[in-house]
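Hydrogens, waters and symmetry mates play no part in the numbers below; they use all other heavy atoms, side chains included.
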Amino acid sequence: MRIDWSKILIAAMALFILFIVSLGIKMASSNQALYEEDYYEKGEMHAERMEQERAGENVKVSYNRAKNALVVEYDTVGYVVDYKLVFLADNTKDYSERGIMPEPTNEQHIAIPRNLEPGIWYLEIRGITNGTVFFKKQQFVK
């Protein structure tokens, strides 16, 4: 049997058509939704989060290595409700704490655990300042 270029071309075209048909069948039988559930509710939550971030622009957060604490400074008065520390290298080592509500002050020190891994961390902090809820996300290095 002699194989010339026309038979190779026909075989390649047949394989390509089979590939396209199999992709079509896979896409049609896939159970992934083409729409997002609660799309409008998520949009409203995003708008609310943006307002909280605008209120958080007046809040300054820094990491004090000597005291191993987060120093939160408010323009007038405020307090932290909860915070979450996210380790960039390994998300199994995240740390969060809720229920931090001392008296409203201009500056607040929040002690964090000493056993945190050295590296890049993200701080997500939520609280109240000037009577409005604020949210701030910031990176720091331990």
Side-chain angles (χ1 to χ4, degrees), residues 1-102 104-105 107-142:
M1 182 169 145
R2 189 169 174 220
I3 299 178
D4 57 355
W5 65 272
S6 62
K7 291 179 183 175
I8 293 172
L9 185 61
I10 291 172
M13 289 176 66
L15 286 174
F16 182 71
I17 291 171
L18 283 173
F19 175 70
I20 296 297
V21 169
S22 66
L23 281 180
I25 291 171
K26 182 181 178 193
M27 285 175 32
S29 64
S30 163
N31 61 358
Q32 292 181 347
L34 296 177
Y35 63 92
E36 183 72 37
E37 297 215 6
D38 300 333
Y39 177 77
Y40 293 106
E41 288 81 3
K42 288 182 180 179
E44 289 173 3
M45 289 186 334
H46 179 71
E48 182 180 315
R49 173 79 165 262
M50 294 300 293
E51 289 176 17
Q52 292 176 359
E53 287 182 5
R54 265 188 241 111
E57 290 175 355
N58 299 329
V59 178
K60 295 178 184 168
V61 181
S62 59
Y63 174 63
N64 186 340
R65 287 183 190 270
K67 294 181 180 180
N68 194 39
L70 298 170
V71 180
V72 185
E73 298 175 16
Y74 309 98
D75 56 349
T76 55
V77 293
Y79 58 91
V80 173
V81 175
D82 68 346
Y83 71 94
K84 180 179 180 183
L85 297 171
V86 180
F87 190 43
L88 195 59
D90 185 7
N91 62 355
T92 61
K93 299 182 181 189
D94 295 351
Y95 178 79
S96 65
E97 191 168 330
R98 295 184 181 272
I100 306 169
M101 288 192 270
T105 59
E107 184 174 290
Q108 183 177 6
H109 294 271
I110 302 171
I112 58 175
R114 292 212 175 264
N115 59 356
L116 291 180
E117 295 283 326
I120 300 174
W121 288 83
Y122 274 98
L123 167 69
E124 296 177 359
I125 193 165
R126 182 173 288 115
I128 296 178
T129 180
N130 299 331
T132 60
V133 177
F134 76 88
F135 176 82
K136 189 167 185 87
K137 185 173 183 179
Q138 182 174 322
Q139 176 182 339
F140 74 95
V141 178
K142 180 177 187 306

Item to check | Residues R49, M45; criterion side chain to side chain contact (heavy atoms under 4.5 Å, CB included); working and verdict | outcome: CA-CA 6 Å; R49 173 79 165 262; M45 289 186 334; over 6 Å; no
Checklist entry - Quick one: CD on E41 to NE2 on H46, what's the gap to the nearest 0.5 Å? => result 15.5 Å
Item to check | ring-ring contact (aromatic ring centres under 6.0 Å, His included) against Y63, all qualifying residues, sequence neighbours excluded | outcome: F140
Next on the checklist: Run D4 and K7 through side chain to side chain contact (heavy atoms under 4.5 Å, CB included) and show every step you take.
Outcome noted: CA-CA 6 Å; D4 57 355; K7 291 179 183 175; 3.5 Å; yes
Checklist entry - Which pair of non-hydrogen atoms, one from V141 and one from R65, has the smallest distance, and what is that distance? => result O-NH2, 3.1 Å
Checklist entry - Checking K136 side chain against V61 main chain: does a donor-acceptor pair fall under 3.5 Å? => result no
Checklist entry - Can you tell me if S30 uses its side chain to pair, donor with acceptor, with the backbone of K26 under 3.5 Å? => result no
Next on the checklist: If I take atom CG from residue L70 and atom CD from residue Q138, how far apart are they, to the nearest 0.5 angstrom?
Outcome noted: 9.0 Å
Checklist outcome for this item: OH (Y122) and CG (L85) are apart, to the nearest 0.5 Å, by 13.5 Å
Item to check | Atom pair CG (D75) and CG (N58), whose distance is rounded to the nearest 0.5 Å | outcome: 4.5 Å
Next on the checklist: Using every non-hydrogen atom in the two residues, find where A55 and T132 come nearest and quote the distance to one decimal.
Outcome noted: CB-OG1, 3.9 Å
Next on the checklist: Please determine whether side chain to side chain contact (heavy atoms under 4.5 Å, CB included) holds for the pair Y74 and V72, giving the CA-CA distance in whole Å, both sets of side-chain angles, and the decisive distance to 0.1 Å.
Outcome noted: CA-CA 7 Å; Y74 309 98; V72 185; 3.4 Å; yes
Checklist outcome for this item: Interatomic distance, CD@E48 vs CD@E53, rounded to 0.5 Å, equals 11.5 Å
Checklist entry - Any sub-3.5 Å donor-acceptor pair from E117's side-chain atoms to F87's backbone N or O? => result no
Checklist outcome for this item: Value for NZ (K67) from CD1 (I112), rounded to nearest 0.5 Å, stands at 13.5 Å
